[in-house]
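Proteins get letters first, then strands, A, B, ... in listed order; numbering begins at 1 in each.
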2 protein chains.
Amino acid sequence: MSFTGVNGAGQRRPTMKEVAARAGVALKTVSRVVNEEPNVSPELTAKVQAAIKELNYTPNESARMLRRGKTGTIAVVIRDIGDPFFASLGRAVELWARSSGSVVMIGLTDEDPERERDVCLEFVARRPDALIMAPIGETQDYLAPHVDAGMAVVTIDRPAHGIEADAVLADNAGGIDQAIDHLVRQGHRRIAYLGDDERIFTARERVVAYRAAMARHRIDVDEDLVHLSEPTTEGIGITLSAVLDRPEPATAILSANNMTTAEVLRGMAGRRDRVALVSFDDLALGDLLSPGLTAVAQSADVMARTAIQLMTERLPEPHRPGRTVRVPVKLTIRGSGEIPPSS
Amino acid sequence: MSFTGVNGAGQRRPTMKEVAARAGVALKTVSRVVNEEPNVSPELTAKVQAAIKELNYTPNESARMLRRGKTGTIAVVIRDIGDPFFASLGRAVELWARSSGSVVMIGLTDEDPERERDVCLEFVARRPDALIMAPIGETQDYLAPHVDAGMAVVTIDRPAHGIEADAVLADNAGGIDQAIDHLVRQGHRRIAYLGDDERIFTARERVVAYRAAMARHRIDVDEDLVHLSEPTTEGIGITLSAVLDRPEPATAILSANNMTTAEVLRGMAGRRDRVALVSFDDLALGDLLSPGLTAVAQSADVMARTAIQLMTERLPEPHRPGRTVRVPVKLTIRGSGEIPPSS
DNA sequence: CTGTTAGCGCCTTCAG
DNA sequence: CTGAAGGCGCTAACAG
């Protein structure tokens with residue numbers, strides 16, 4: 001069995017010109033057939049299609065893009081492809097892209113503003129029709145020339161700064177309210193708050209909401225129970241010890257993002273305390289844990305679809321003012337948040 | 001605050017020609033500066049850089065690609081971005097791509113051969129330098145013309161057919177052997193096998209290995225304990241009932257992929273049997289379950305890095321014969337596989 | 001060191 | 001309905 005095509009190895013790919021020659025028609029006729037333009041006689045169409053098949057011709061998108069000025073490409077810039085939230089986003093965008101004949105480029109930032117900038121600049125050089133991103137840097141003004149030139153930018157999870165863009169945000173405050181209300185209703189007052197680094201927009205919104213919710217319940221926030229940092233295994237281990245191994249330990253933990261939650265669970269596995277836990281962000285297998293994870297779930301799918309909708313609306317009128325959509329979140333009760341205060 | 005760049009809205013992007021005019025140099029000099037070619041005087045370099053900055057010039061990759069014949073693009077075609085295994089792959093490829101100035105296009109197949117073909121054809125029209133994929137269709141011969149033209153293809157998890165490509169495969173047989181040996185050592189003989197659809201390469205390799213391993217232990221395989229199908233919540237529920245609600249129920253389950261495992265865990269949560277479970281493929285939070293999940297773990301990172309290595313080696317000599325690398329797997333013992341037979 | 005010329009593969013424009 | 005010419009933005013191959 002030969003593994004090479006009809007042309008043998010090391011072959012250049014055939015061009016439209018060669019197809020035209022083989023079919024005995026003009027270049028433009030091939031172009032018409034390839035692009036399914038009307039006004040080509042059935043005979044010529046057949047001839048061209050035969051030539052295309054014989055030569056294994058595939059159009060060169062680079063040339064097409066250059067000529068048309070549209071690339072049929074969507075750029076997606078997110079923290080990490082492994083995060084279920086962003087995975088959902090990627091999936092939804094890919095689905096839409098395929099249905100519309102586009103292609104998705106994915107770039108990862110790992111929450112590093114510099115990487116975000118590098119990746120975005122790399123991407124915009126390829127002139128994507130749209131850019132969907134979860135911004136981390138303070139400003140995205142380096143995208144301004146491309147926004148001016150018609151690139152549609154939609155952000156998800158966090159807003160952009162320095163450019164005109166649409167944004168899809170979760171109802172962070174509402175979610176934290178639900179979580180705190182739920183824990184207070186179980187009798188908790190010493191509720192530790194474990195959140196992400198404050199340079200992240202959602203982390204800021206959530207911790208502010210935590211303080212507001214506590215105030216609403218007339219509970220003084222014990223600052224020793226509030227920890228904001230990047231979620232690492234060691235870091236969260238230390239944090240857990242800090243909020244639990246003390247004279248008046250926390251009786252409940254509000255973990256403000258899914259990576260923190262995973263680490264809290266890991267840390268709790270090595271302890272004997274029975275502490276209530278509510279997570280902002282659900283985990284993939286949250287229902288399989290025992291107790292099940294009580295979590296404020298963001299509907300990644302809804303957010304992704306909203307982002308795509310905003311993008312499709314923005315595409316035809318790229319210079320319209322930016323819109324912001326808040327997507328509701330939902331508290332899912334499974335057990336971990338219903339543990340009563342132990343002391 | 002104005003959200004538009006210096007050029008105002010609706011602007012065309014500046015071209016190299018305009019930069020040249022503004023800097024008072026030839027087109028090619030700008031090209032040299034942009035590409036950091038040597039032999040440009042510091043004065044001209046400075047002039048050009050100034051012009052670039054003033055005009056917010058960014059090179060047009062489409063034109064570059066067309067001219068150079070290289071696109072600096074890696075295409076990745078996988079089942080699902082949410083699958084941790086493929087997420088690791090995507091992450092590794094993206095990391096490498098960034099370090100080498102390339103960009104990653106991602107396409108999803110959802111295990112549908114037709115979608116695989118559509119996505120791949122869409123991608124190859126963009127002339128990626130390399131294609132990394134987990135093939136599902138019977139043949140990938142539609143890629144042959146592009147392989148002939150120098151596109152490097154590396155497959156992961158499964159081999160390709162009909163083209164010359166490298167492959168990175170897990171040691172499926174070895175992993176199943178380890179799992180069965182482990183269960184037999186605990187005293188199990190009625191070991192149910194729940195696997196994926198046999199059209200998937202890994203599913204075939206694994207079920208064959210299961211039969212071989214059972215034979216090695218002189219255990220007759222009870223065909224009623226072997227179930228091969230797509231892992232859906234309902235399907236696995238029925239399957240569980242079939243292998244457990246019977247006169248001689250299975251005392252152990254070997255679940256042959258992570259999606260099946262997740263559904264088995266869901267199904268078991270609603271039952272009272274204490275059945276041993278070993279999973280081929282680990283789960284993200286397998287250590288947090290109780291009991292912890294005993295699993296044969298594939299090192300997605302190692303496989304991904306191997307794929308990238310093969311790709312970089314193939315890039316300069318695209319017509320070399322295909323290589324296949326088997327990556328070892330490792331049994332991780334956490335509790336679920338150490339439950340003894342109950343009857 | 002710098003500039004000119006040609007053309008990558010395709011689509012747009014306009015003429016037959 | 002079909003075709004010929006021109007150029008999208010850039011770089012390779014030469015000239016100076």
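- In terms of the side chain to side chain contact (heavy atoms under 4.5 Å, CB included) criterion, residue partners of B/Ala304 (sequence neighbours excluded) are, by chain and number, B/Leu89, B/Ala92.
- Every residue meeting the side chain to side chain donor-acceptor pair (under 3.5 Å) condition with A/Arg98, not counting sequence neighbours, appears here in chain and number order: A/Glu94.
- Here the P atom of nucleotide C/dA15 and the CG atom of A/Leu27 are 19 Å apart, to the nearest Å.
- Remark: A/Asn35 is in phosphate contact with C/dC11, judged by side-chain N or O atoms under 4.0 Å from OP1 or OP2.
- DNA chain C is contacted by B/Asn39, B/Val40, B/Ser41, B/Leu44 of residues 37-51 of chain B, taking any non-hydrogen atom closer than 4.0 Å.
- Rounded to whole Å, atom P of C/dG16 lies 18 Å from atom NZ of A/Lys28.
- Nucleotide C/dC8 holds its C1' atom 4 Å from the CG atom of B/Leu66, rounded to whole Å.
- Rounding to whole angstrom units, CE of residue A/Met65 and P of C/dC8 are separated by 19 Å.
- Taking the salt bridge (Lys or Arg N to Asp or Glu O under 4.0 Å) definition, one finds that A/Glu313 meets it with A/Arg320, A/Arg323, sequence neighbours left out.
- The overall bend of the helix from C/dC1-D/dG16 to C/dG16-D/dC1, read as the angle between its terminal helix axes built from five base pairs each, is 40° when rounded to 10 degrees.
- For A/Arg67, the side chain to side chain donor-acceptor pair (under 3.5 Å) test picks out no residue, with sequence neighbours left out.
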Evaluate side chain to side chain contact (heavy atoms under 4.5 Å, CB included) for B/Met133 paired with B/Cys120, printing each intermediate quantity in order. CA-CA 9 Å; B/Met133 71 185 300; B/Cys120 283; 3.7 Å; yes
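- The side chain to side chain donor-acceptor pair (under 3.5 Å) search around B/Arg314 returns B/Asp166, not counting sequence neighbours.
- If you take CZ of B/Arg126 and C1' of C/dC10, they are 14 Å apart, rounded to a whole angstrom.
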Could you walk me through whether B/Arg127 and B/Thr73 pass the side chain to side chain contact (heavy atoms under 4.5 Å, CB included) check? CA-CA 8 Å; B/Arg127 307 289 188 258; B/Thr73 305; over 6 Å; no
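- An OP1 or OP2 oxygen of C/dC11 is reached within less than 4.0 angstrom by a side-chain nitrogen or oxygen of A/Ser31.
- Atom CZ of B/Arg68 and atom P of C/dA6 are 23 Å apart (whole Å).
- Here the range on DNA chain D touched by chain A, meaning any atom under 4.0 Å from one of its heavy atoms, is D/dC1 to D/dG9.
- Residue A/Arg64 places none of its side-chain N or O atoms closer than 4.0 Å to OP1 or OP2 of C/dC10.
- More than 12 heavy-atom neighbours from other residues, nucleotides or ligands sit within 6.0 angstrom of CD on A/Glu317.
- Among residues at least two apart or in separate chains, salt bridge (charged side-chain N to carboxylate O under 4.0 Å, His left out) pairs with a member in residues 115-125 of chain B are B/Asp110-B/Arg115, B/Glu122-B/Arg126.
- Atoms CZ (B/Arg67) and C1' (C/dC8) sit 5 Å apart, rounded to a whole Å.
- Residues satisfying the salt bridge (Lys or Arg N to Asp or Glu O under 4.0 Å) criterion with A/Lys28, sequence neighbours excluded, are A/Glu37.
- Remark on DNA chain C: of its neighbouring residues B/Gly24 and A/Arg32, the 5'-side contact belongs to B/Gly24, judged by nearest-heavy-atom nucleotide.
- Remark: B/Asn39 engages no residue in a side chain to side chain contact (heavy atoms under 4.5 Å, CB included) (not counting sequence neighbours).
- Put simply, CD on A/Glu18 is 13 Å from C1' on C/dC8, counting in whole angstrom units.
- For A/Asp129, the salt bridge (Lys or Arg N to Asp or Glu O under 4.0 Å) criterion is met by no residue, not counting sequence neighbours.
- Nearest-nucleotide mapping onto DNA chain C: of B/Ala63 and A/Val34, the residue sitting toward the 5' end is B/Ala63.
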